[in-house]
Protein chains: 2
Amino acid sequence: MNDHSPARGARIKDVARIAGVSTATVSRTLSTPDIVSEETRKAVLAAVDQTGYSVNLSARHLRQQRTGGILALAPNLANPFFSEILSGISDVLRDAGLNLIVGDTSINSDARMRLVDYANRARCDGLIVLDGSLDPGVFTRSQCPPVVQACEWIAGLSAPRVFADNEAGAELVVDHLAGLGHTRIGHVTGPPSNSLTRSREAGFQRGLARHGLAPDVVIRGDFSLASGQAAAERLCAMSDRPTAIFCDNDEMACGLMGALRRSGLRVPDDLSVVGFDDIELSRHLTPTLTTLHQPRKAIGLHAARILLRLIDGHDVPEDTRLSVSLEVRESTGGL
Amino acid sequence: MNDHSPARGARIKDVARIAGVSTATVSRTLSTPDIVSEETRKAVLAAVDQTGYSVNLSARHLRQQRTGGILALAPNLANPFFSEILSGISDVLRDAGLNLIVGDTSINSDARMRLVDYANRARCDGLIVLDGSLDPGVFTRSQCPPVVQACEWIAGLSAPRVFADNEAGAELVVDHLAGLGHTRIGHVTGPPSNSLTRSREAGFQRGLARHGLAPDVVIRGDFSLASGQAAAERLCAMSDRPTAIFCDNDEMACGLMGALRRSGLRVPDDLSVVGFDDIELSRHLTPTLTTLHQPRKAIGLHAARILLRLIDGHDVPEDTRLSVSLEVRESTGGL
DNA sequence: GCCGCCTCTGTAATCGGTTTCATTACGGGA
DNA sequence: TCCCGTAATGAAACCGATTACAGAGGCGGC
């Protein structure tokens, strides 16, 4: 119907001319409809329809001193754990008219260098950091826009945090395994400096203590499938094994169970395995994986909402802790 | 060192004043360094360093009539298959000074509605479509920026395409299975209308014909873990099963193998299984999965480069077909 | 009847760059 | 010596919106 319009589409000026008003009125009609009269509003909206007008975001953002973009920094996009969080973030931002720009911090060090460029008001209106291993210095410079940390956090960076209750989750794991009669429970962790690793380790230790159990073998991993596999190989080589293993995430549990089976060990008969995250895959492994469910979508939603409030200059809670629940499946059994 | 700078950072005007030149010269120094004198360049760069200046992209884009953003539309971010493609796209775009905005078309229909808003020059400079199920009409309007299709494509949309050689891949699968002595080979497909499903089906049929084999059972899936599981249940209920199964992606193969095992069928002894994609997980399943390796990163790199050329008004190849290779692992065996 | 307030609208300044056009200085050829 | 071309730079227009400010008109209160 309007393919005869100029190639690059209509400007606010064109809409204003057709509606017989000024550009200011068009702008007001679109951003604050309440303050224009009913009659004017109709005329403007009709002209918008007719021209297929849509605002030039660069112009708007230049004038409003905003960029319209929120940068989310995730350590690994390939991990399905993050994609649902990003989806939650994206939902909130879209409703607020903001774009989500996703940065994968794992790619290479070159990308990390450029982070300094991006953590800048001239580039984005806010940051959501999902990677606790970044340099806090970048985020404390005066040009850095508001920051919210989700899931992981950076030691020494004081920015609002949204995370699942990792400590309580790890305690639930111990409760479950101890309830099944296990007294020797091993732990496959993430990287030692990672905040998730620390919280889960703390909750795990507290749980053991509460049940009067002594710590058993601790194997350091890095949240990857491969490190789960490596952990299984170490376990198989042990003469005196624990009877249950708590993995700090589902990917490692998956790598671990695969390698265990290949070595002839049966889960849960020879070894019970518990994961953390409840990614979709955990329901399809054999045996299906007992794991802690994290409210991933909710983490994303909360993080984004808090960031928006921060950008608008409102007060926000320092910590938002979301509860987790244990999904008991086939990979854990009694002694 | 420069935390005394004004809260919102330096403007080009500030840099110009400190360097003792005009804003035009600063701009030229940063975008076309060749046309300013050596001496001036040094002074400007020193001033940039001193102020920590970084350009305001909204202003630049407003003047240059570009938005600085490329929108990638993917059907499912949670699928690890896409994340590596996006990573390749992101690398190229970052080097070109463009942002990658990721849209998940699976979220809900509301998001799809808004697609119309986004497929617009006022919103982004180009589109990379990874979802073949979208409405072609959106992309043919005059306001729509250049489009490149990657992996999947939309029937009836003439836009450059970058994809793996799905037909050749499916033929390789048949060669491999026929070579092992299989004569009854089933197929678990993606959605019937999907372009990947069609290509793989065509290659599969051609392979069968070349080996003088008759088609066997075809089970419709949707690329999800759950549909792989459902396919396994159908297979188990059959009295007269094929001896090998080709799954259109690794996720379905994963869901299928898990469910098969739970029903007591052994892979590859009772049934050989082949996947497609070679996601990292396929190496960690038990048994490890024989699958077709797709050059995911390369697909992303090519798609992004082609889009950049398109944006600059250059000629681009209509189709870019990248080759695949078979990764033979444990899930396939002889009869 | 006059004043002040409120509602609605228009004019024009503004955001921060890029780019066109004009200007200057200098070197070489006639 | 004069003219022209070239290299380097500056002044100012421009991109397309938002918004501060001002003005017009209507209405109620004194």
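Residue numbers begin at 1 in each chain, while the letters A, B, ... track the order of the sequences.
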J.: Separation of B/R60 atom CZ from D/dA17 atom P, in whole Å?
T.: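 In whole Å, D/dA17 P and B/R60 CZ are 21 Å from each other.
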J.: Could you list, one pair per line, each protein nitrogen or oxygen that sits under 3.5 Å from a nitrogen or oxygen of nucleotides 19-27 of chain C, together with the distance?
T.:
from, atom 1, to, atom 2, distance (Å)
C/dT19, O4', B/R63, NH2, 3.3

J.: Can you measure B/I12 atom CD1 to D/dG10 atom P for me and round it to whole angstrom units?
T.: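 In whole Å, D/dG10 P lies 12 Å from B/I12 CD1.
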J.: Whole angstrom is fine here: how far is it from CG in A/L57 over to P in C/dG17?
T.: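 My rounded result for the distance is 19 Å.
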J.: Give the rounded distance in Å between these two atoms: CZ of B/R66 and C1' of C/dG17.
T.: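 After rounding, the reported distance stands at 13 Å.
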J.: In whole angstrom, give the distance that lies between atom CG of B/D14 and atom C1' of C/dG17.
T.: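 To the nearest whole Å, that distance equals 13 Å.
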J.: Under 4.0 Å from OP1 or OP2 of C/dG17: is there any side-chain N or O of B/Y53 that close?
T.: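 Yes, B/Y53 has a side-chain N/O under 4.0 Å of OP1/OP2 on C/dG17.
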J.: Mind checking if A/V26 touches a base, just sugar-phosphate, or nothing, with heavy atoms under 4.0 Å?
T.: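 No contact at all - A/V26 keeps every heavy atom at 4.0 Å or more from the nucleic acid.
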J.: Can you list, in residue-number order, the parts of residues 33-41 of chain B that come under 4.0 Å of DNA chain C, counting heavy atoms only?
T.: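 Close to the strand, none.
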J.: Quick check: does any side chain N or O of B/S195 sit under 3.5 Å from a backbone N or O of B/W153, one acting as donor and the other as acceptor?
T.: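 It does hold such a pair.
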J.: Could you tell me if B/S37 and B/T40 have a donor-acceptor pair between their side chains, going purely by distance under 3.5 Å?
T.: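 Yes, because at least one side-chain N or O of B/T40 sits under 3.5 Å from a partner of the opposite role on B/S37.
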J.: Salt-bridged, B/R11 to B/D14, with N to O below 4.0 Å?
T.: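 Judged by the 4.0 Å cut-off on N to carboxylate O distance, B/R11 and B/D14 do not form a salt bridge.
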J.: Are the side chains of B/F163 and B/I299 in touch, meaning some heavy atoms are under 4.5 Å apart?
T.: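 Of all side-chain heavy-atom pairs linking B/I299 with B/F163, none is under 4.5 Å.
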J.: Less than 4.0 Å between a side-chain N and a carboxylate O, is that true for A/K297 and A/D91?
T.: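 The answer is yes: the pair qualifies as a salt bridge.
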J.: Within the distance-only criterion (no hydrogens, no angle test), does the side chain of B/S87 pair as donor or acceptor with the backbone N or O of B/S83 below 3.5 angstrom?
T.: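 No, B/S87 side chain to B/S83 backbone: no donor-acceptor pair under 3.5 Å.
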J.: Roughly how many Å is it from CG in A/L62 to P in D/dG16, rounded to a whole number?
T.: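 Atom CG in A/L62 sits about 12 Å away from atom P in D/dG16.
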J.: Given D/dT18, is OP1 or OP2 found less than 4.0 Å from the side-chain N or O atoms of A/Q65?
T.: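 No.
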J.: Under 3.5 Å, side chain of A/D125 to main-chain N/O of A/I70, donor-acceptor pair present?
T.: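 Between the backbone of A/I70 and the side chain of A/D125 there is no qualifying donor-acceptor contact (under 3.5 Å).
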J.: Quickly work out the A/N56 CG to C/dG16 C1' distance and round it to whole Å.
T.: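 In whole Å, C/dG16 C1' lies 14 Å from A/N56 CG.
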J.: Quick check on A/D315: does its CG atom have over 12 non-hydrogen neighbours (other residues, nucleotides or ligands) under 6.0 Å away?
T.: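 No, CG of A/D315 has 12 or fewer neighbouring heavy atoms, counting only those of other groups under 6.0 Å.
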J.: Do A/T32 and A/D34 have side-chain N/O donor and acceptor atoms under 3.5 Å apart?
T.: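 Checked: A/T32/A/D34 side chains show no N/O donor-acceptor pair below 3.5 Å.
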